[in-house]
**Q** 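Pasting a structure below so you can have a look.
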Amino acid sequence: MDLKKGLMKKNIGVLGLGKSGVAAANLAVRLGYNVFASDCGGKRVIKFLNKKITTEFFNHSDKILNSDVIIKSPGIHSDIPILEKAIARKIKIISELAFSVSNSKYKKIIAITGTNGKTTTTDLIAKIINAAHKDSIVVGNIGFPLSDKALKTTKNTYITMELSSYQLEDTPDFRSEVSVLLNITPDHLGRHKTMNAYIKAKEIVFVNQKRADFTVINYDNKICRKIASKAKSNVIFFSKKPLRNGVFYDNGKIVIQLGKKHIEINPKINIVGSHNIENILAATAATYVSGTNRAIIEKVISGYKGVEHRIEFVKTVNDVDYYNDSKSTNIDSTRVAIESFSGNVLLIMGGRDKGSSYIPLKNLVKRKVKSIFLVGEASKKIKKDLKGSTLFFDCANIESAVKQIYKTAEAGDIVLLSPACASFDQFSNFEERGAIFKQIVRRFK
């Protein structure tokens, strides 16, 4: 992705001042560009934003059309009026990802995407790579935008990055030396409109790779297995069942079977859920083909405790275990969380609906969930879709739900915050939602 030829002129516009927009604007200033940033939110002081950057708030005016290049934040739709005007004027529009990669040096990029499991897998891969190579960073949706660290990278830097469908959709020529596709299930259909469009966005993680590159793909996911044929690179399948060729799980062991190479890894696995076996297999495959030896992979996996907000144990109160799974913002992720427990689940669900039906959870809820405590905008739809599966309690917010559970839960119950929805109706992000849940629970004696 060589964007430098297209950035010879001096005026850069940044659309959206979220985390990645601020990072891109600051990087552009450090590179010597004149930067104008536009955000449709209210006027505010943005921490860490370079004072040389001219800003506007409340709307996207035509001022940004004076830019030679516009860097678009991933959360902004590509069909908004100001971008249509920019396209009509033939102004180059790029993503923060493309801008930051073009201004970074590196030995290898390991890029991870999928509907679920991205953060856990990215975090584990980053820890394994960091144990093997001193010069390594983790960026993207986990940690910092690459723009924050681009100018500190060297030709020996290993970059591990978590990428969303939004970032990939905005960066059609993206390429990494190692890509990981964990799974694909319906999500973000409000943005992508169709499942085919969502799949095409995910495919970008590997379609531009070269023959010497590696693509790590989940064999157990039908969609992933089907689209793997589009990869020009070396495809490494992973599976929870034995494979003739690939990385798989077999009676507590991780087996790497690639051609004549047969390697067995025997880690102690500390994170719950069969989905985390998939995440560990993907991390093993990606780090192995990146040149990391068996001993380091085994050691890091054995010491790994998981990530915050993903089936994260919080506290036991009166023999009731509380788990924070705020990162579950879609139906399939919540399904995986519920399946991680044998039963007696008191489920806190709800938030901003993302356009998918909750009906696929119905049979699972019947088997494992004692009651659902509903919060947020999607409450009515969840209750309608899951009618007859369990008891429902309408709650104003998470604090109300947790307090009600505290009074009624019985010994042996599992309290699980796994919303299956976005957080934006009541919180700024899923991290804030999870943090507040943990604060409330930790106050209990």
**Q** By side-chain hydrogen bond (donor to acceptor under 3.5 Å, both in side chains), which residues pair with Thr157, not counting sequence neighbours?
**A** Asp135, Thr154
**Q** ring-ring contact (aromatic ring centres under 6.0 Å, His included): which pairs involve residues 113-165, sequence neighbours left out?
**A** His133-Tyr158
**Q** For Asn208, check side-chain hydrogen bond (donor to acceptor under 3.5 Å, both in side chains) against everything at least two apart and list the hits.
**A** none
**Q** Is the gap between the ring centers of Phe313 and Tyr322 under 6.0 Å?
**A** no
**Q** Got a salt bridge between Asp68 and Lys92, using NZ or NE/NH1/NH2 to carboxylate O under 4.0 Å?
**A** no
**Q** Does a salt bridge link Asp394 with Lys383, judged by any charged N lying under 4.0 Å from a carboxylate O?
**A** yes
**Q** Around atom NZ of Lys315, are there more than 12 heavy atoms of other residues, nucleotides or ligands at under 6.0 Å?
**A** yes
**Q** List in chain and number order the residues that pass side chain to side chain contact (heavy atoms under 4.5 Å, CB included) with Ala126, two or more places apart in sequence or in another chain; answer none if no residue qualifies.
**A** Val138, Thr160
**Q** First locate atom NE2 of His275, then atom CG of Asn116, and finally report the distance between them rounded to the nearest 0.5 Å.
**A** 8.5 Å
**Q** Between Asp332 and Arg335, is there a salt bridge with N-O shorter than 4.0 Å?
**A** yes
**Q** Does Thr408 have any side chain to side chain contact (heavy atoms under 4.5 Å, CB included) partners at least two apart in sequence or in another chain, and if so, which?
**A** none
**Q** Among pairs that include at least one residue of residues 216-233, which meet salt bridge (charged side-chain N to carboxylate O under 4.0 Å, His left out), considering only residues two or more places apart or in two chains?
**A** Glu203-Lys230
**Q** Should Lys362 and Asp385 count as an ion pair when the cut-off is N to O under 4.0 Å?
**A** no
**Q** Could you give all pairs that pass the side chain to side chain donor-acceptor pair (under 3.5 Å) test and reach residues 12-32, with sequence neighbours left out?
**A** none
**Q** List in chain and number order the residues that pass side-chain hydrogen bond (donor to acceptor under 3.5 Å, both in side chains) with Thr390, two or more places apart in sequence or in another chain; answer none if no residue qualifies.
**A** none
**Q** Only pairs at least two apart or in different chains count here, so list each salt bridge (charged side-chain N to carboxylate O under 4.0 Å, His left out) that has a residue in residues 45-55.
**A** none
**Q** Under the rule for side-chain hydrogen bond (donor to acceptor under 3.5 Å, both in side chains), what residues qualify as partners of Ser290, not counting sequence neighbours?
**A** none
**Q** Apply side chain to side chain contact (heavy atoms under 4.5 Å, CB included) to Asn324 and list each qualifying residue two or more places apart in sequence or on a separate chain.
**A** His309, Glu312, Val314, Ser326, Leu417, Phe437, Lys438
**Q** How would you list, by chain and number, every residue that makes a side chain to side chain contact (heavy atoms under 4.5 Å, CB included) with Phe424, sequence neighbours excluded?
**A** Arg352, Ala422
